[in-house]
Q: 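This is the structure I have questions about; it appears just below.
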Amino acid sequence: MSKSIYDHAEIEKKWAKKWQDERLYDVDLSASESKYYCLDMFPYPSGTGLHVGHWRGYVLSDFYARYARLHGKNVLHPMGYDSFGLPAERAAIKYKSHPKKFTDEAIENYTRQLKEVAASYDWTKELSTSDPKYYRWTQWLFLQLFKHDLAEKRVSLVNWCPNDQTVLANEQVVNGCCERCGAAVTKKELAQWFLKTTEFSQELLDGLNEVDWPDRVKLLQRDWIGRSEGASVKFTTEKGEVEVFTTRPDTLFGVTALVLSPEHPLVVELTTSDQKAEVEKYVKEVQSKTDIIRQQNWDKEKSAVFTGSYAKHPLTNEDIPVWIADYVLMSYGTGAVMSVPAHDERDYLFAKAYDLPITQVITGSEELPFVDDGKLINSGEYNDLDSKTGAEKITEKLKSIGKGEKKTTFRLRDWLVSRQRYWGAPIPIVYDPDGKPHAVKEEHLPLLLPEDVDFLPGGESPVARSAEYKERAEKLYGKGWYFDTDTLDTFVDSSWYFLRYLSPTDDTQAFNKELVSKWLPVDLYIGGIEHATGHLMYSRFITKFLAKFGYISKDINEPFKQLFNIGAITMHGAKMSKSKGNVVSPDLLIEHYGTDALRGFELFVGPMEVEAEWNNHGMNGIHRFLIKLNNIFLDSIGNYGKDDLGNEFSSYFGKVEEMAKNFRTNTIIAEYMKFLTILEAKKPSQKVLEDFLITLSPVYPFIAEELWEKMGHAESIFKASWPEVKEFKQIPELKVMVDQKFVVFLQTEETDEQKVVEMAKALPEVAKKLENKEIIKSIYRQGQLINFLVKG
RNA sequence: GCCGGGAUGGCGAAAUGGUAGACGCACUGGCUUUAGGAGCCAGCGAGCGAAAGCUCAUGGAGGUUCAAGUCCUCUUCCCGGCACCA
């Protein structure tokens, strides 16, 4: 045996350099025949660097990039940095440095570590969102939204983190707390920029039907969009009409109160002088409550106050008392509801607490509130109709008298993008001396971040403290003009980066429409589940906006065709993070076992969509495999056998293809091992060894390339073609069972039941089992099994 | 509360309704005069047995089927999402 040591360090050093010198993975975007756009969710370049958890997704996407290349695809596999954001600003405060300096260092370090993954990235496409050459176009994008009236400044109650001193989007509030720092979120009234995502609610919902995404993500987005169908109903008061939205117009005759949100615009007018003091006190109280307190005891009791006014029921003309209560949200529907205590749990609790009448209008179960769909009662001419028909008829009636109509409401909110932070793209808006917002002129883009600032948080953007910024605005636009001092939510930066990868250095346009037509949608997008409702929703919104107004082809309905959510790697049961101190660095593992082994183990540690607990020892199994692989190939080279292993290879190959389709890389790794064990016992031909090597090269690029070269190839294995394997005709193997227990295999091409049964009975193992027994029944499944049921 | 998903050896896990535990880790024994988180060979779900083999076993209880980890009903526990959405 001419065994030679598997020296991973030497092999990997050699090929890393060669691949880089030959620019093996650079892609020609103009040649878009059978394109394949394989994208990682780009990382925030944190100062702490990469750990084995980050690797998992990068190795998986690289598997598919290489796999696609070997299948003859023209692959774009880019990488870049989502480099604006709070951590760099925090670090700058802590170390009295500048976020840019901090970010640049982190990017440099990140790039070095990413290169160790040996992913086949085309580094000529690299971008960073904090680079003025990039954020110039983020600002441009904002201005296009502004131009089409989809960006709007509004005064509204916003989520406010008292610790970070900034506004938070709904998605950044978790259980009433700041997602980032955990402080209890309060409400604050501020003038803020919103992007009108709600204009696209229906399109965002419909688009989910055409993407190949995990069901749970589609479900999350559907819930988030929250479409509900019902009717709007108008109640008349002395101070004007109050419109409500209901999903149950069939219960209209059960209304015993009208309840407004404390923030409803008509509250002040509807409040009678008798009730004024009480109402004002209540409104004040509600405003001071944090979301957590509001949520904590919603099922225990409902607080509410009577306004003193009444409204006319649109059908019965009865007087309905108007109340205000904080269980009615201003931000959903119309900010007012018709209270039907007999058929809604919250209305029921409210009516109980304040002793309001409860009128049952639908037959149903015995306990209040009745939520079943029964027949209408106490509803005048609509009695005896079933719930659904009743709803339709009542809605029609309302429409005919101008008191309502069919209506669909969405839960989705507009996207709040103003942040009172420094390290983000400045909002490219300039105000005239009257405070009216204007777009910053294109020739003034990028609107650069001012340098003369400190980063201490203080409830306003640090940018507001820049003297230079004030001077700049006046210099460019005239006396009294001033820039918006907030920066954009970093989700704006990441909502379009997949377009920029196609022309990252083009300083004449944000993206190249022609290339976008060729390369979008992204064929495979890989990243964590945490972006299910944030980034993925925003990117879809921006894509739909750009398509609608012709910035990109109208045929592009969705940015990401296929999505795969990679499960996190855990250590001691928790996701890896430096603050928890459970981070495993790849460095030592690479030193001991090599990059190939680490790549293999990342894909082997468990099903890719599920979280996996890290275990350094597991690397041993992969390492042994690579040593054995190396030995078997080195023994065979120059000494090839004649066995093509047609049967075995075809079976192996079929499984690998099937598993690759379904992201089952853990079982692919197992198939490699099993096939190697088969090879070990044979004298394999050069052909089967080469085919095998190609099939494992997406996981183990270094050793595959090295052995490929040793087999005499002058050109890289990544320029080879994926094997074409014809279905090997196998003689069917029937399982023969006696009394439900497996006995032996029967190989035969015979399909006639009687003949097969006779053959099976004649097998010595079977005959032994059947001795002295009576066959009651035999079950035959062609190509599968024979089962003899016996007695005695 | 509502909506999803899950529960298989000591561990990570495999199983188009058809031999449960593939593949790997750990462990045990042996080999290699072996710096090693290195390598090689063998064993390894539980119980009974010298062995052949038999019995039990996929959270729990029922059911459908010749046959159930897989399908159905109920149930327990765990994880994720939403959380007064009218």
Side-chain angles (χ1 to χ4, degrees), chain A residues 3 5-6 170 174-176 214-224 226-228 230 233 244-248 251 259 261 291 294-299 302 325-329 331-340 343-347 349-350 409-413 529-530 532-533 588-589 591-593 600-601 604-607 609-625 627-628 631 655 658-659 664 666-677 734-737 739-745 776-781 784-789:
Chain A
K3 302 235 162 142
I5 291 163
Y6 164 52
N170 288 329
V174 177
N175 292 327
D215 286 341
R216 61 173 173 157
V217 179
K218 289 197 272 191
L219 194 70
L220 275 174
Q221 292 221 348
R222 285 194 186 106
D223 288 351
W224 196 258
R227 183 188 149 108
S228 49
V233 186
V244 304
F245 171 72
T246 177
T247 54
R248 296 294 303 275
T251 64
V259 188
S261 159
D291 279 2
R294 272 180 82 155
Q295 282 165 19
Q296 253 166 10
N297 44 17
W298 78 267
D299 54 342
K302 295 273 174 272
D326 68 349
Y327 79 88
V328 178
L329 308 174
S331 51
Y332 183 74
T334 60
V337 304
M338 57 184 221
S339 177
V340 185
H343 304 287
D344 180 277
E345 197 185 349
R346 297 149 304 180
D347 295 343
L349 289 171
F350 161 62
T409 301
F410 294 90
R411 222 191 61 153
L412 188 71
R413 309 285 158 85
I529 184 78
E530 64 274 17
T533 50
L588 277 180
L589 296 168
E591 196 185 318
H592 280 282
Y593 299 103
F601 188 60
F604 186 58
V605 68
E609 68 278 15
V610 175
E611 280 192 1
E613 175 75 8
W614 190 258
N615 166 16
N616 276 348
H617 289 296
M619 297 278 299
N620 284 336
I622 305 287
H623 190 225
R624 284 175 197 140
F625 166 81
I627 290 167
K628 195 160 135 186
N631 288 339
K655 282 183 201 160
E658 184 65 25
M659 290 164 177
R664 310 297 291 171
N666 55 329
T667 53
I668 289 179
I669 304 288
E671 289 306 318
Y672 293 160
M673 292 170 170
K674 284 195 248 183
F675 192 72
L676 189 64
T677 307
L734 296 179
K735 288 163 196 167
V736 183
M737 304 171 102
D739 245 353
Q740 210 51 46
K741 284 189 202 73
F742 173 80
V743 179
V744 72
F745 283 111
I776 306 163
K777 193 176 176 185
S778 63
I779 293 139
Y780 171 62
R781 273 284 144 78
Q784 277 189 38
L785 61 87
I786 305 162
N787 186 9
F788 296 108
L789 300 182

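The sequence lines fix the lettering, A, B, ..., with proteins before strands; numbering per chain opens at 1.
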Q: What heavy-atom pair brings Met659(A) and Thr667(A) nearest, and what distance separates the two atoms?
A: SD-OG1, 3.3 Å
Q: Locate the shortest heavy-atom distance separating Arg413(A) from Ser331(A); write the atom from each residue and the value.
A: NH1-OG, 3.1 Å
Q: Measure from the side chain of Lys741(A), starting at C-beta and using heavy atoms only, and say which of U55(B), U19(B), C23(B) lies closest.
A: U55(B)
Q: Does a side-chain N or O of Asn666(A) approach OP1 or OP2 of A14(B) to a distance below 4.0 Å, or not?
A: yes
Q: If you check the His623(A) side chain, which of C25(B), A38(B), A86(B) turns out closest?
A: A38(B)
Q: What contact category does Tyr593(A) fall into here, base, sugar-phosphate, or nothing, at under 4.0 angstrom with non-hydrogen atoms?
A: sugar-phosphate
Q: Among A86(B), C23(B), G37(B), which nucleotide sits nearest the side chain of Met673(A)?
A: C23(B)
Q: Provide, to the nearest angstrom, the distance between the CG atom belonging to Asp215(A) and the C1' atom belonging to G6(B).
A: 15 Å
Q: Indicate, yes or no, whether a donor-acceptor pair under 3.5 Å links the base of U16(B) to the side chain of Gln784(A).
A: yes
Q: Counting only Watson-Crick or G-U wobble pairs whose two distances fall under 3.5 Å, which nucleotide matches A42(B)?
A: U28(B)
Q: Determine the interatomic distance between C1' on A15(B) and the same-named atom on U8(B); round to the nearest Å.
A: 10 Å
Q: For A57(B), give the paired nucleotide (Watson-Crick: N1-N3 plus N6-O4 or O6-N4; G-U: N1-O2 and O6-N3; both under 3.5 Å), or none.
A: none
Q: Say we look at U58(B) and G17(B): how far apart would their C1' atoms be, to the nearest angstrom?
A: 15 Å
Q: Rounded to whole Å, please give me the gap between CD in Glu671(A) and P in G24(B).
A: 11 Å
Q: Does the distance from a Lys or Arg side-chain N to an Asp or Glu carboxylate O, for Lys655(A) and Glu658(A), drop under 4.0 Å?
A: no
Q: Between G37(B), C66(B), C82(B), spot the one nearest the side chain of Lys777(A), thanks.
A: C66(B)
Q: Between Val259(A) and Ser339(A), what is the shortest heavy-atom contact and its length?
A: CG2-CB, 3.9 Å
Q: On RNA chain B, does the nearest nucleotide to Thr667(A) precede the nearest nucleotide to Arg624(A) from the 5' side, or the other way round? Give the residue.
A: Thr667(A)
Q: Quick one: pull up CZ in Phe601(A) and NE2 in His617(A) and give me the separation to the nearest 0.5 Å.
A: 10.5 Å
Q: Of Leu785(A) and Leu789(A), whose closest RNA chain B nucleotide lies nearer the 5' terminus?
A: Leu785(A)
Q: Please confirm whether the backbone N or O of Asn787(A) pairs with a side-chain atom of Gln740(A), one donor and one acceptor, at under 3.5 Å?
A: no
Q: Using the glycosidic torsion, which applies to G9(B): syn (within 90° of 0) or anti (everything else)?
A: syn
Q: What heavy-atom pair brings Pro607(A) and Arg664(A) nearest, and what distance separates the two atoms?
A: CB-NH1, 4.1 Å
Q: Does Arg781(A) get its side chain close enough to the base of G18(B), under 3.5 Å, for a donor-acceptor pair?
A: yes
Q: Let me confirm one number: the CD1-CE distance from Ile622(A) to Met619(A), rounded to the nearest 0.5 Å.
A: 8.0 Å
Q: Report which part of the nucleic acid Ser228(A) touches: base, sugar-phosphate, or nothing (heavy-atom distance under 4.0 Å, all strands).
A: sugar-phosphate
Q: Please indicate yes or no: is the ring centre of Tyr327(A) less than 5.5 Å from the centre of the six-membered base ring of C84(B), with the two planes inclined by under 30 degrees?
A: no
Q: Mind listing the closest non-hydrogen atom pair of Glu613(A) and Val605(A) along with its distance?
A: O-CG2, 3.9 Å
Q: Considering only C25(B), U19(B), C66(B), which nucleotide approaches the side chain of His617(A) most closely?
A: C25(B)
Q: What is the pairing partner of A68(B), taking Watson-Crick or G-U wobble pairs with both distances under 3.5 Å in any strand?
A: none
Q: Does the side chain of Lys674(A) get closer than 4.0 angstrom to OP1 or OP2 of C23(B) through an N or O atom?
A: no
Q: What is the nucleic acid contact for Leu220(A), judged by heavy atoms within less than 4.0 Å: base, sugar-phosphate only, or nothing?
A: sugar-phosphate
Q: Using whole Å, what does the distance between atom P of nucleotide A38(B) and atom OH of Tyr6(A) come to?
A: 16 Å
Q: So which nucleotide does G12(B) pair with, by the Watson-Crick or G-U wobble rule with both distances under 3.5 Å?
A: C23(B)
Q: What distance, rounded to whole Å, do you find between the two C1' atoms, one in G60(B) and one in G6(B)?
A: 16 Å
Q: In whole Å, what separates the C1' atom of A14(B) from that of G62(B)?
A: 28 Å
Q: In whole angstroms, how far is the P atom of G21(B) from the CZ atom of Phe742(A)?
A: 11 Å
Q: Considering only A86(B), A67(B), G12(B), which nucleotide approaches the side chain of Thr247(A) most closely?
A: A86(B)
Q: Would you mind reading off the distance between Arg411(A) atom CZ and G81(B) atom P, rounded to a whole angstrom?
A: 14 Å
Q: Once you apply a heavy-atom cut-off of 4.0 Å, does Asn615(A) come out as touching a base, just sugar-phosphate, or nothing?
A: sugar-phosphate
Q: Consider the side chain of Val328(A), meaning its heavy atoms from C-beta on, and name the nucleotide among A86(B), U19(B), A26(B) that approaches it most closely.
A: A86(B)
Q: Determine the interatomic distance between P on A20(B) and the same-named atom on U55(B); round to the nearest Å.
A: 12 Å
Q: Taking CG from Asn616(A) and C1' from G37(B), how many angstroms apart are they, rounded to a whole number?
A: 8 Å
Q: Within the structure shown, what part of the strands sits under 4.0 Å from Arg664(A) by heavy-atom distance: base, sugar-phosphate, or nothing?
A: sugar-phosphate
Q: Looking only at N and O atoms, is any donor in the side chain of Asp223(A) or the base of C3(B) less than 3.5 Å from an acceptor on the other one?
A: no
Q: Counting any heavy atom closer than 4.0 Å, what does Leu219(A) reach on the DNA or RNA strands: base, sugar-phosphate only, or nothing?
A: sugar-phosphate
Q: Starting at NZ of Lys218(A) and ending at P of G5(B), how long is that distance when rounded to a whole Å?
A: 14 Å
Q: If I take atom CZ in residue Phe675(A) and atom C1' in nucleotide A22(B), what distance separates them, rounded to the nearest angstrom?
A: 17 Å
Q: Closest to the Leu588(A) side chain: A86(B), G37(B), A13(B)?
A: G37(B)
Q: Do the rings of Tyr672(A) and Phe625(A) sit parallel, tilted or perpendicular, given the 30° and 60° boundaries?
A: parallel
Q: Using atom C1' of each nucleotide, how far apart are U19(B) and G30(B) to the nearest Å?
A: 31 Å
Q: Using atom C1' in both nucleotides, what's the gap between A67(B) and G12(B) to the nearest angstrom?
A: 30 Å
Q: With both distances under 3.5 angstrom, what nucleotide forms a Watson-Crick or G-U wobble pair with U34(B)?
A: none
Q: With sugar-phosphate meaning primed atoms plus P, OP1 and OP2, does Asn620(A) contact a base, only sugar-phosphate, or nothing at under 4.0 Å between heavy atoms?
A: sugar-phosphate
Q: For A7(B), give the paired nucleotide (Watson-Crick: N1-N3 plus N6-O4 or O6-N4; G-U: N1-O2 and O6-N3; both under 3.5 Å), or none.
A: U76(B)
Q: What's the closest nucleotide to the side chain of Phe604(A) if the choices are A86(B), G12(B), C25(B)?
A: G12(B)
Q: Going by purine N1 to pyrimidine N3 plus the second Watson-Crick contact, or the G-U wobble pair, all under 3.5 Å, which nucleotide sits opposite C82(B)?
A: G1(B)
Q: Which whole number of Å gives the distance between the P atom of C40(B) and that of C25(B)?
A: 10 Å
Q: Looking for any heavy atom pair under 4.0 Å, which part of the strands does Ile627(A) touch: base, sugar-phosphate only, or nothing?
A: sugar-phosphate
